[in-house]
Amino acid sequence: MASATLLKSSFLPKRSEWGATRQAAAPKPVTVSMVVRAGAYDDELVKTAKTIASPGRGILAMDESNATCGKRLASIGLENTEANRQAYRTLLVTAPGLGQYISGAILFEETLYQSTVDGKKIVDILTEQKIVPGIKVDKGLVPLAGSNNESWCQGLDGLASREAAYYQQGARFAKWRTVVSIPNGPSELAVKEAAWGLARYAAISQDNGLVPIVEPEILLDGEHGIDRTFEVAQKVWAEVFYYMAENNVMFEGILLKPSMVTPGAECKDRATPEQVADYTLKLLHRRIPPAVPGIMFLSGGQSEVEATQNLNAMNQGANPWHVSFSYARALQNTCLKTWGGQPENVKAAQDALLLRAKANSLAQLGKYTSDGEAAEAKEGMFVKNYVY
């Protein structure tokens, strides 16, 4: 009985309407909500991204936190003081002709506001070299509750106001690094958290005039083969670009800083540069819109020569993107050791930096050869469970 009553009340006309011809009701207008970015910086963002992604040039990542910089200094017997950090950063940015090979430099907050040992603003030195100043804006990795011993990247709170101040100081691009660990899963939770955090950061950065470097690093840790890395990277990159689209990020005004597709650092089956290039370019074509102007690969613990060889292999044919580098240790390792904290070694250290920068410049153009490379430059720099 209840069902019959429901049918009568729901579908049958009222008694007063029986025998009458019923008119179809006019369709109600549908309101579609559209979100449109203000776009105040759009033209500038595109120009900045294209400047960084210019032929034969890449990024010098010198954004080590003070604690990490202290580890680097300790490796050459120096105390972690602001004066020593200043001396080393001065050495890097004042290398003569660095701008021929380097288009952007990622700085730590201290460095953005720092002067050289001669009292000149580091930002001004970079600009004179035609190098775009950038800034690391994330607040580092912390444990991700509810995951398989994985991490998430913090720093969204207060990001807009910090980036507005960085823009005023002269920064024109930003960097946010998050990581995914293959041995620890990766869990669905960790992948989504990484992608969402990168997307929110990218949207906030563009609203404040900074080109966001989007860095979803697949850590080298593990014994897995190159196919497993490819599988995980496909998932991560798909999530990252999905959530960036959801957050109305303008792809023409970003730069991607991924890890190359390689086997795990402890895998017995090593990959040749040609294999790394094949897997990595296949992944790029499957996941990255051609609108993205630059793919600035991280080295992730590869040796200086290995990182350069792999980049060179990827540039043996035409790519719809500028395929280049954003290296830290793979540009600085020999330079730092050559310097050793001694003023008389500054020129030799700068020469070592320029040598590596030039090698990677040639690799970006697909013209690098490893002939004559020193044995030290071929030594791997992978550190298990490395903390930045």
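Here the structure is a predicted model, which means the values were calculated and not measured.
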Q) Which of parallel (below 30°), tilted (30 to 60°) and perpendicular (above 60°) describes Trp196 and Tyr243? A) perpendicular

Q.
Tell me the closest heavy-atom pair linking Val191 and Lys235, and the distance in Å.
A. CG1-CG, 4.3 Å

(Q) With a 4.0 Å cut-off on N to O distance, would you call Glu128 and Lys120 a salt bridge? (A) yes

Q. Where is the tightest heavy-atom contact between Leu98 and Leu354, given as atom of each residue plus distance?
A. CA-CD2, 3.8 Å

Q: Output yes when a side-chain donor or acceptor of Glu304 lies under 3.5 Å from a complementary backbone atom of Thr334, and no otherwise.
A: yes

Q | Contact check, side chains of Val137 and Glu163, non-hydrogen atoms, under 4.5 Å | A | yes

Q: Check the angle between the aromatic planes of Trp339 and Tyr88 and answer parallel, tilted or perpendicular using the 30° and 60° thresholds.
A: parallel

Q | Phe241 vs Leu198 side-chain heavy atoms within contact, under 4.5 Å | A | no

Q) Could Glu64 and Arg329 be called an ion pair, given the rule that one side-chain N must be under 4.0 Å from one carboxylate O? A) no

Q | Under 3.5 Å: donor-acceptor pair, side chain of Thr280, backbone of Ala277 | A | no

Q) Quick one: which of Leu355, Thr308, Leu60, Leu92 gives a side chain to side chain contact (heavy atoms under 4.5 Å, CB included) with Leu331? A) Leu60

Q.
Please check: side-chain N/O of Thr229 versus main-chain N/O of Thr262, any donor-acceptor pairing under 3.5 Å?
A. yes

Q) Do Tyr167 and Tyr41 make the cut of ring centroids closer than 6.0 angstrom? A) yes

Q: Would you check if Thr127 and Ile131 make a side-chain contact, meaning some heavy-atom pair closer than 4.5 Å?
A: no

Q | Residue pair Ser324 / Gln364: nearest heavy atoms and the distance that separates them | A | OG-CG, 3.4 Å

Q: Classify the side-chain pair Thr178/Glu217 by whether it contains a donor and acceptor separated by less than 3.5 Å.
A: no

Q.
Grouping I, L, V, M, F, W and Y whenever their side-chain heavy atoms are under 4.5 Å apart, do Val236 and Leu189 come out in a common cluster?
A. no

**Q.** Tyr166: partners by side chain to side chain donor-acceptor pair (under 3.5 Å), with sequence neighbours left out
**A.** Glu109

Q: Indicate yes or no: does Glu231 engage Arg228 in a salt bridge with an N to O separation below 4.0 Å.
A: yes

**Q.** Partner set under salt bridge (Lys or Arg N to Asp or Glu O under 4.0 Å) for Lys358, not counting sequence neighbours
**A.** none

**Q.** Heavy-atom closest pair, residues Val292 and Leu256
**A.** CG1-N, 4.5 Å

Q: Start with the C-alpha gap between Tyr327 and Phe297, add the side-chain angles, then the distance that decides, and say whether ring-ring contact (aromatic ring centres under 6.0 Å, His included) holds.
A: CA-CA 7 Å; Tyr327 295 164; Phe297 283 100; 8.7 Å; no

(Q) Salt bridge or not between Lys347 and Asp351? Use side-chain N to carboxylate O under 4.0 Å. (A) yes

Q: Compute both the distance and the angle, then confirm whether Lys282 meets the cation-pi test with Phe230: under 6.0 Å from the six-membered ring centre, within 45 degrees of the axis.
A: yes

Q) Any idea which heavy atoms bring Arg57 and Gly99 closest together, and the distance? A) NH1-O, 2.9 Å

Q | Non-hydrogen side-chain atoms of Tyr279 and Asp227 separated by less than 4.5 Å | A | yes

